[in-house]
Amino acid sequence: MGCSSSKPAATNKRPGTLRRLSKDDYLNQRIDRIDETCAATFGGVSVRYAYLSQRGYYPDDPYKANQDSYSVTKNFIGRESDAFFGVYDGHGRDGDKCAQFARDHLPPLTAAIVKKELEKEVKKPKLDDDGDELKKSIELPKDVLQSVMTKSHVECNNNMHSCKDLDDTLSGTTSISVYLHGNRNKITVSNVGDSRAVIGRSTDSTLKKEGTALSSSSSSSTLKAFALSRDQTPYRRDERIRCKKSGARVLSLDQIEGLEPVNEDEDEEGGEGDVVLGEELDEGGDPPRIWSPHGDYPGTAFTRSLGDAIAEELGVCAEPEMLSRELTKEDKIIVLASDGVFEFLTNQSVIDICAKFTDPLEACRAVVAESYELWLQYEMRTDDITMICIFIDDVSSGSTKDLQVIASVASTGSGDGADDDDLISNTARPVRTTMTAEKSRAIMNAKMNMFRSVRDVDQFEEKDFDLESLFTEKTAEEKESIDEAIRASVMFQNITDDQRELIYKAMEPMPVKEGQTIIKQGTAGDRFYIVDEGRFEVRIVPANQINDDDAVGNCVHVYEGSREAHSHPSFGELALMYSAPRAASIIAKSDGLLWALHRYAFNKVVAEQSSRLEAEKLLKKIDVFKKLPSDSLKELSSSLCEAKFTRDDVIINEGDVGDSMFIVLPGGSCKSVLTSKDGSESEVELKEGGFFGEEILTGDPDKKYLSTVTATNKMTCWTLQKFDAMRVISSLRKEGAKME
């Protein structure tokens with residue numbers, strides 16, 4: 001069997017175990033990918049495929065091994081028409097070893113069991129005289145094949161338990177695989193855990209020509225995403241109930257720590273179904289987990305895996321859920337990916353990004369880069385991210401002889417020809433759209449200081465911003481470079497053709513020199529950047545060194561742009577939404593060219609998000625802002641940032657010098673306690689739309705808070721820095737505007 005797989009992580013040792021990795025070694029090992037896209041034909045299915053795996057960034061363990069693995073096996077079971085694609089996402093101390101074990105053992109183990117079953121089919125009387133050619137074309141019935149897949153996963157799991165080279169007591173791996181049967185134009189998807197397989201199908205009656213992008217940049221994607229697997233997590237009611245029958249407790253970390261209530265009757269018969277649990281618990285990246293009734297372990301956020309011996313006693317099993325499906329000409333893209341991709345991206349977003357490229361390797365780069373950028377925006381770390389992308393160029397029928405043999409064998413199965421699309425429901429875990437409380441607090445702390453530091457924002461107001469002053473005509477080649485970058489970004493997916501042309505014009509060319517700092521971590525950011533040419537390092541400085549000018553931080557990623565390679569990564573998307581401290585520094589490692597888009601320009605081209613419009617309405621209720629014109633309210637709303645708090649967090653203290661005011665967002669509540677001169681206390685409950693801390697919005701730099709406000713549940717607030725508010729108010733006063 002011809003096999004491609006992820007590289008062993010043996011060289012990813014911590015300093016001192018073998019040798020300290022050089023910077024080049026460290027960077028090179030962050031990304032493992034195919035050198036170039038591979039084209040292949042499996043029976044009646046012609047495909048091009050690529051794969052890419054990027055090691056995550058962990059501030060407390062910068063040399064942590066990539067715990068993801070992947071495998072691509074051509075000539076599977078000795079047939080040129082068959083192939084096996086797999087992605088494995090390890091977890092726990094020996095997670096990398098568990099993922100590599102599955103990578104090395106699951107495909108050959110599956111092939112061996114399939115061959116045994118095929119031998120049984122060959123010996124059936126009705127096939128005795130069919131000859132060698134017919135033996136090569138025999139296919140297993142669906143029920144037999146799915147039984148084989150279950151057996152191979154369970155045996156792989158048992159073998160992992162017995163392996164002396166790893167400890168899977170509290171470690172394991174997910175597995176998502178696609179077994180392609182080219183003779184029948186079919187796939188069998190097997191899933192254990194929360195990695196995922198997705199297919200993009202054409203909804204356009206006119207199929208795109210081979211070699212062109214699957215959707216043009218001037219129109220929305222013609223592909224619709226369909227799930228080929230279901231995440232096996234405690235978000236699913238059926239999985240929760242199954243694990244609870246084995247004695248498991250299903251709780252989030254906040255529930256374990258007593259910060260959130262526990263609803264014991266949640267999964268009683270007749271109760272509500274999937275995802276509702278997750279919507280309530282995963283606002284800040286705190287999913288429901290599996291716990292022992294005897295202690296706070298193992299804490300898995302999935303309900304099926306390979307390995308995890310302790311969790312296995314609580315119902316976390318290795319039996320896969322499977323789907324068998326015939327490929328048609330409408331099927332254009334298959335994606336297999338670890339959950340690092342789907343933490344912040346929906347199935348449809350992933351397919352939309354892939355569909356905008358003609359090369360699956362470029363699609364992999366774009367999806368992984370977008371996922372990595374979102375992790376840096378919403379988390380203090382990034383997950384390992386791995387993806388296999390398969391472009392289906394053609395699906396043709398096999399010979400009549402082959403089809404007759406296959407039909408005669410398949411007829412012994414139950415429902416082999418059924419369409420399994422209906423088996424996949426929309427019960428994927430919720431996509432996260434907010435940052436963790438830890439990340440939120442880090443941003444608040446950074447923002448408290450950033451206005452006293454060097455800023456990368458031009459000192460002008462949005463209302464005075466002249467969009468046309470930025471306009472420069474771009475060549476067709478320059479437009480193509482910009483378009484290749486923005487079409488991979490979720491921020492630009494719904495723009496119109498007219499908006500796209502304005503964005504072309506508003507992009508500012510920015511020549512850079514080697515060693516130049518493009519973005520400094522902790523400073524406010526108001527620009528989004530596209531790499532046209534050049535190499536740029538992403539560096540993160542630990543929180544305790546953020547004010548150290550000599551600190552260079554850890555290099556966690558490298559952006560490389562090239563017109564020749566049609567590679568144009570981008571960074572700084574968050575700056576298009578609101579002014580927030582940069583999560584990392586970007587330093588040019590070569591001369592190059594960037595395209596920069598200012599947030600004010602973006603706001604004038606693309607309509608402001610509805611949440612900002614709601615924020616303007618809330619600001620209008622506050623006395624100090626009631627007389628502000630609408631453009632000033634809009635400017636203030638663009639300065640709002642989210643801050644997250646857990647129950648009993650003290651948000652502000654009476655008597656402390658204030659730097660921010662707060663607005664309570666939906667679902668949140670807190671209590672405000674005011675101490676009078678005679679020492680008595682009065683308490684007020686604040687809920688959605690309530691606000692506090694506005695008393696510090698004066699010209700007095702030492703103005704103090706008048707009350708103590710404490711969160712009474714897990715809540716989110718808009719925060720408005722005093723600096724932002726007074727900047728807008730002062731600007732109006734200078735112009736002589738009336739503020740009664």
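Note that the structure is predicted; figures quoted are calculated from it, not measured.
Taking every heavy atom of both residues into account, Tyr57 and Thr382 meet most closely at N-OG1, 2.7 Å. In terms of heavy atoms, Ala711 sits closest to Ile651 at N-CD1, 4.2 Å. Residues Glu695 and Tyr705 approach most closely at OE2-CA, 3.5 Å, considering heavy atoms. Scanning all heavy atoms of the two residues, the minimum distance from Val367 to Cys354 falls at CG2-SG, 3.9 Å. Of all heavy-atom pairs spanning Leu636 and Leu628, the tightest one is CD1-CD1, 3.5 Å. In terms of heavy-atom proximity, Gly340 sits nearest to Ser371 at O-CB, 4.0 Å.
Between the OG atom in Ser672 and the CG atom in Leu706 there is a gap of 9.0 Å [rounded to 0.5 Å]. In this structure, CG in Leu619 is found 5.5 Å from CG in Leu640, a value given to the nearest 0.5 Å. How far CE of Met661 is from CD1 of Ile652: 9.5 Å, rounded to the nearest 0.5 Å. For the atom pair OG (Ser570) and NE2 (His568), the distance works out to 11.5 Å, reported to the nearest 0.5 Å. Atom CG of Leu597 sits about 7.5 Å away from atom CD1 of Ile530, to the nearest 0.5 Å. Between the CZ atom in Phe536 and the CD atom in Glu514 there is a gap of 10.5 Å [rounded to 0.5 Å].
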Set out, in order, the CA-CA distance, both residues' side-chain angles and the distance that settles side chain to side chain contact (heavy atoms under 4.5 Å, CB included) for Leu345 and Leu374, then state yes or no.
CA-CA 9 Å; Leu345 293 175; Leu374 289 169; 3.7 Å; yes

Are Arg527 and Glu508 close enough, and set up right, to give a salt bridge (charged side-chain N to carboxylate O under 4.0 Å, His left out), and what steps lead you there?
CA-CA 10 Å; Arg527 285 184 174 85; Glu508 304 171 78; 3.6 Å; yes

Determine whether Phe692 and Ile663 satisfy the following criterion, side chain to side chain contact (heavy atoms under 4.5 Å, CB included), listing intermediate values before the conclusion.
CA-CA 7 Å; Phe692 55 92; Ile663 300 173; over 6 Å; no

Lys722 and Asp659: CA distance, side-chain angles, deciding distance, salt bridge (charged side-chain N to carboxylate O under 4.0 Å, His left out) verdict:
CA-CA 5 Å; Lys722 180 177 181 176; Asp659 53 46; over 6 Å; no

Worked check of side chain to side chain contact (heavy atoms under 4.5 Å, CB included) between Asp656 and Lys704:
CA-CA 5 Å; Asp656 286 355; Lys704 298 178 180 179; over 6 Å; no

Walk me through it: do Val538 and Phe571 pass the test side chain to side chain contact (heavy atoms under 4.5 Å, CB included)?
CA-CA 10 Å; Val538 183; Phe571 53 87; over 6 Å; no

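Residues Arg727 and Glu635 have side chains in contact (heavy-atom distance under 4.5 Å, counting atoms from C-beta outward). Residues Ile729 and Phe625 have side chains in contact (heavy-atom distance under 4.5 Å, counting atoms from C-beta outward). Contact annotation: the side chain of Leu665 never approaches that of Glu688 to less than 4.5 Å [non-hydrogen atoms, C-beta and beyond]. Taking the side chain as every heavy atom from C-beta outward, Ile587 and Ile518 never approach each other to under 4.5 Å. Here the side chains of Gln348 and Lys224 are in contact, with some heavy-atom distance below 4.5 Å. Between Phe471 and Tyr504, every side-chain heavy-atom pair lies at or beyond the 4.5 Å cut-off. By the 4.5 Å heavy-atom criterion applied to side chains, Trp718 and Val664 are not counted as neighbours. Inter-residue side-chain proximity for Val650 and Val709 is flagged as unmet; no heavy-atom pair is nearer than 4.5 Å.
Tyr600 and His598 have tilted rings, their planes meeting at an angle from 30° to 60° on a 0 to 90° scale.
Judged purely by atom type and a 3.5 angstrom limit, Ser590 uses its side chain to pair as donor or acceptor with the backbone of Arg535. In terms of modelled atom types and a separation under 3.5 Å, the side chain of Asn713 and the main chain of Gly668 share no donor-acceptor contact. At distances below 3.5 Å, not a single donor-acceptor pair connects side-chain atoms of Thr517 with backbone N or O atoms of Ile519. The closest donor-acceptor contact from the side chain of Gln516 to the backbone of Lys513 lies under 3.5 Å. A donor-acceptor pair is defined here as one N or O able to donate and one able to accept, closer than 3.5 Å; no such pair exists between the side chain of Asp383 and the backbone of Ile385. Remark: side-chain polar atoms of Asp532 are not paired, donor with acceptor, to backbone N or O of Ile482 under 3.5 angstrom. For Thr710 (side chain) and Lys671 (main-chain N/O), no donor-acceptor pair under 3.5 Å exists by modelled atom type.
Inspection of the Asp649 and Thr646 side chains reveals an N or O donor paired with an N or O acceptor under 3.5 Å. A donor-acceptor contact under 3.5 angstrom links the side chains of Lys474 and Thr472, judged on distance only. In this model, no donor atom of one side chain and acceptor atom of the other lie less than 3.5 Å apart for Ser707 and Glu654. Looking only at atom types and distance, the side chain of Ser669 has a donor-acceptor partner in the side chain of Thr712 under 3.5 Å away. Under the 3.5 Å distance criterion, with hydrogens and angles disregarded, no donor-acceptor pair is assigned to the side chains of Glu560 and Ser567. Side-chain N/O atoms of His557 and Glu537 include no donor and acceptor closer than 3.5 Å.
With Arg563 as reference, Glu477 is the one residue of Glu484, Glu477, Glu480 to meet the salt bridge (charged side-chain N to carboxylate O under 4.0 Å, His left out) rule.
Salt-bridge annotation for Lys479 and Glu501: present, with a side-chain N of the basic residue lying under 4.0 Å from a carboxylate O of the acidic one.
Here Phe344 and Trp375 bring their ring centres to under 6.0 angstrom of each other.
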